[in-house]
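These notes are about the structure you will find just below.
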Amino acid sequence: MDKKQIANMLEEMAFLLEFHGENVFKIRAFQNAARALGNASEPLEVLLEEPGRLEQIKGIGKSIAANIREYATTGRCNELEELRKKAPKDFENLIRVPGLGPKRLRVLVDELGIQTLEQLERACRTGEVTKLPGFGEKTVEKLLAGIAQVRSFSGQWLFPQGWEMAIKIVEDLKSLRSVKRIEIAGSLRRRKEVVRDIDILVATTDPEPIAARFVANVLVQSVVAQGDTKISVVLTNGMQADLRMVKPDAFPFALQYFTGSKEHNTHLRARAKKLGYRLNEYGLFPEDEKESARAEGLASVREEEDIYRALGLQYVPPELREDLGEIEAAQKGELPTLVSKEDYRGILHCHTNWSDGADTIEEMARQARRLWNAEYIAICDHSQSASYARGLDPERLRKQLQTIASMNKLSTDIVVLGGTECDILPDGSLDFPGEVLDQLDFVVVSIHSHFNMSKEQMTQRICRALEHPCADVLGHVSGRLLLMREPYALDLDKVLDAAARCRTIIEINGDPYRLDLDWRFCRAAKERGILFAVNPDAHSVGGLRNIEFGMNVARKGWLTRSDVVNCLSRNDLLTLIRENRNFRRRLAGRGTYSIS
DNA sequence: GCCGTTTTCGGCCCGACTGTTTTCAGTCG
């Protein structure tokens, strides 16, 4: 049980309370508590251990704390169970339909007896729904699209959800003596942002105790299939996990094979065939078995690297194995040296308790130094229009800058940069006047409202914002929330062209729900000469972990150290920002933009 | 249900959009 699960439970209670017509402020209390818990920096165990520690969190009182304790210790919550009893059967899926809130769901349940997604879909198609007051043609259209979306997202998990589970299983198996080697394979190893299952590969000559330990894991809910070399289970969170056991000799081949992608492997096997080999999960075999010289060469395969070498290729890091040109590049020796954690020097784009973050500037800075050995951290709280996030007006921003300045005088450990995540307003202007932005070290501009503009309007809006001299970085470009919300309509090519023209840095937002810019578009941006900022968008010290997820995207996007501005020293970064601003001022001087 | 306090009740963020209305409710961020 972790904080996220408990926060989800509280959110569900809020929704159910609203569904049952409870007091709006009680509902809000549960929503606030969910957010407060999610933002709390201490791990759940600490919060539960000390008596009264939970209640110290602002937004969590006696009653909700009791609910949390009950749920965390027993996995159930009486009050929640009571609320669920009176809710439709397929409640969990129904509430995920965009555009369907508690009030409309109430009407659908009362008037049509809707209990499941299927019943809702049928009622939409037969026209029953349009007869209800408040429901029209458009609503039904939206509901049908929403149902399709819920279905397409089910059975998929965000990278960290899969990774956490996989790590726990690996840790559990690692201690067994019969486990010679163990690796997470599949899409997790390729660091895909969304995964469907977990693949774990073990090298062993003694599979039985490993199999027994695997199926006995507390995370395993049921066993789907169990053979000598492969076991499939469903985990408590509904995710499928496959364990494969191979002989130690076959391990590198199996690891390569089960890492995929399928497309990469198909391409690789074709190459092997051309060279007179047959490649599969058990080995690389000469087509002509009698060719002893070749066979001897293969005896030296101990690692995946050796397989690629045997095929005349550079080693292809798992992140690149999507058959998007990596095999051709590896053949020419032109694979990039991917950016790595060790290259990372400074953190840009973090929130604090000045806006919607949970922790103080000091705490964020301290942890940035401790966890990432960062030389600098840019605090970028929300701007004034973001009222839902307690955005700062110019006066509070001025005070925050003063606070930062006095902090920097005291500490030489890490330098805190003053910044903002400034809203891009509907007309493409920025949420602070130019003279305010000018005083900041670092400005991220992002869209947080008015998502439903036409593709042309949205493209124009962003392109205009990029021309502002102080628009250093474009934040979460597409606005998508993985498995939750589609990106807004946007002509990405035009936006990238504008970013290249204006020397705007593009953010790779490391929030696991965003991972935006998508790695699939990184190369197109890089080819235009665009630089990237890999940012955590952390709303608490725990959120600093997002850097890791952002780096996964950068690596999947073929980026090197020189593509990522976080790898610059503080001086070089600030010089770059200054030069880019001057460049845009000269553009503005030519009449394309005037500072408002 | 939570918070704060001139401390045990009164207030709790709010604007925009959408689709449905004929002045507004529901949803979202």
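To find a chain, count down the sequence lines: A is the first, B the second, and so on, and within it residues start at 1.
Under 4.0 Å is where a charged nitrogen must lie from a carboxylate oxygen, and between A:E467 and A:R501 at least one such pair does. Ion pairing between a basic and an acidic side chain is recognised when a charged N comes within 4.0 Å of a carboxylate O; A:E435 and A:R398 show no such pairing. Classification of A:D381 and A:R396 as a salt-bridged pair fails, no side-chain N sitting under 4.0 Å from a carboxylate O. Here A:D563 does not pair with A:R523 in a salt bridge; the nearest charged N to carboxylate O distance is not below 4.0 Å.
If you check residues 119-147 of chain A against DNA chain B, the residues with a heavy atom closer than 4.0 Å are A:G134, A:F135, A:G136, A:E137, A:K138, A:T139, listed by number. Of the residues in residues 507-515 of chain A, not one places a heavy atom less than 4.0 Å from an atom of DNA chain B. DNA chain B is contacted by A:P98 of residues 89-98 of chain A, taking any non-hydrogen atom closer than 4.0 Å.
If you check B:dT8 for Watson-Crick or wobble pairing at under 3.5 angstrom, you find it has no partner at all.
Rounded to a whole angstrom, the distance from the C1' atom of B:dC14 to that of B:dT6 is 29 Å. The same atom, C1', is picked in B:dC3 and in B:dT8; the two are 12 Å apart, to the nearest Å. For the P atoms, the distance linking B:dT7 with B:dC13 amounts to 22 Å, nearest Å. For B:dG15 and B:dG10, the C1' atoms lie 25 Å apart once the distance is rounded to whole Å. Taking atom P on both nucleotides, B:dT27 is separated from B:dT21 by 15 Å, rounded to a whole Å. The C1' atoms of B:dG11 and B:dT22 are separated by 33 Å, rounded to the nearest whole Å. Taking the P atoms as reference points, B:dC28 lies 15 Å from B:dT20, given to the whole Å.
Remark: of the listed residues A:L80, A:N32, A:I68, A:I68 is the sole one forming a side-chain contact (heavy atoms from CB on, under 4.5 Å) with A:L10. Checking each of A:R514, A:R520, A:K556 against A:E193 for a salt bridge (charged side-chain N to carboxylate O under 4.0 Å, His left out) leaves exactly one that passes, namely A:R520.
Annotation: ring pair (Phe, Tyr, Trp, His ring centres under 6.0 Å) contacts of A:Y71 (sequence neighbours excluded): none. Among residues two or more places apart in sequence or in another chain, the ring pair (Phe, Tyr, Trp, His ring centres under 6.0 Å) test is passed with A:H448 by A:H382, A:H476. The ring pair (Phe, Tyr, Trp, His ring centres under 6.0 Å) test applied to A:Y513 returns no partner, not counting sequence neighbours. Contacts of A:D393 classified as salt bridge (Lys or Arg N to Asp or Glu O under 4.0 Å), with partners at least two apart in sequence or in another chain: none. Looking at residues two or more places apart in sequence or on another chain, you find no ring pair (Phe, Tyr, Trp, His ring centres under 6.0 Å) involving A:W354.
Residue A:R106 contributes atom CZ, which lies 13 Å from atom P of B:dG26 at whole-angstrom precision. Whole-Å rounding puts the A:E11 CD to B:dT27 C1' distance at 14 Å. Rounded to whole Å, the distance from CE on A:M484 to C1' on B:dT27 is 14 Å. The distance from atom CD1 of A:I27 to atom P of B:dC28 is 14 Å, rounded to the nearest whole Å. One can place CD of A:E22 at 15 Å from C1' of B:dC12, the figure rounded to the nearest angstrom. If you measure from atom CE of A:M453 to atom P of B:dT18, you get 11 Å, rounded to the nearest angstrom. A:R480 has its CZ atom 19 Å from the C1' atom of B:dG29, to the nearest Å. In this entry the distance linking CD of A:E486 with P of B:dG29 reads 13 Å, nearest Å.
Applying the salt bridge (charged side-chain N to carboxylate O under 4.0 Å, His left out) test to every pair with at least one member in residues 541-552 of chain A, sequence neighbours left out, gives these pairs: A:E164-A:R545, A:R545-A:E548. A salt bridge (charged side-chain N to carboxylate O under 4.0 Å, His left out) check over residues 86-107 of chain A, counting only residues at least two apart or in different chains, returns the pairs A:R84-A:E92, A:R106-A:D110.
Nearest heavy atom pair, residue A:C380 against residue A:V444, reads SG-CG2, 4.2 Å. Residues A:I547 and A:V534 come closest through the heavy atom pair O-CG1, 4.1 Å. Contact record, A:N566 with A:F532: OD1-O, 4.1 Å, taken as the closest heavy-atom pair.
The cationic atom of A:R555 (NZ for Lys, CZ for Arg) does not lie both less than 6.0 Å from the six-membered ring centre of A:W519 and within 45° of the ring axis.
Within 4.0 Å of A:R485, counting heavy atoms only, lie sugar-phosphate atoms of the nucleic acid but no base atom.
Along DNA chain B, the nucleotide closest to A:L100 and the one closest to A:N452 are compared, and the more 5′ of them pairs with A:N452.
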Where do N or O atoms of nucleotides 14-16 of chain B meet protein N or O atoms at under 3.5 Å, pair by pair?
unit_1: B:dA16; atom_1: O3'; unit_2: A:H450; atom_2: NE2; d: 3.1

Are any protein N/O atoms closer than 3.5 Å to N/O atoms in nucleotides 1-8 of chain B? If there are, list each pair with its distance.
unit_1: B:dC2; atom_1: OP1; unit_2: A:G61; atom_2: N; d: 2.9
unit_1: B:dC2; atom_1: OP1; unit_2: A:G61; atom_2: O; d: 3.3
unit_1: B:dC2; atom_1: OP1; unit_2: A:I64; atom_2: N; d: 3.0
unit_1: B:dC3; atom_1: OP1; unit_2: A:I57; atom_2: O; d: 3.4
unit_1: B:dC3; atom_1: OP1; unit_2: A:G59; atom_2: N; d: 2.6
unit_1: B:dC3; atom_1: OP1; unit_2: A:I60; atom_2: N; d: 3.4

